[in-house]
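Encoded as structure tokens, the structure appears first; notes follow it.
Predicted, not measured: the structure shown is a model, and the values here were computed from it. Both backbone and side-chain heavy atoms feed into the values below; hydrogens, waters and symmetry mates do not.
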Amino acid sequence: MDLRPYTIEELNARIDKAESDFKAGLGIPSEEVWSERDEEFRFLGHSQRTYCSGKPYEIN
């Protein structure tokens, strides 16, 4: 397993690839991702957004 840190060039290449994928319509909107996570972890009784934002977010 290679655990070396990324170089700035590698990071920039990954960002460029992600941006071009997004422009090509290959990305998934964050709202869709959050909705899928909320559904998957519904048994916890709260949204996973709480952990990322620090703000309570109720699941409807």
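- Legend: residues meeting side chain to side chain contact (heavy atoms under 4.5 Å, CB included) with Glu32, ordered by chain and number and at least two apart, are Ile28, Pro29, Glu36.
- Under the 4.0 Å criterion applied to side-chain N and carboxylate O atoms, Arg14 and Glu19 are not assigned as salt-bridge partners.
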Using the rule given for side-chain contact (heavy atoms from CB on, under 4.5 Å), can you reason through Asp38 versus Arg42, listing the C-alpha separation, both sets of side-chain angles and the distance that settles it, and then say yes or no? CA-CA 6 Å; Asp38 285 346; Arg42 183 171 290 281; 5.6 Å; no
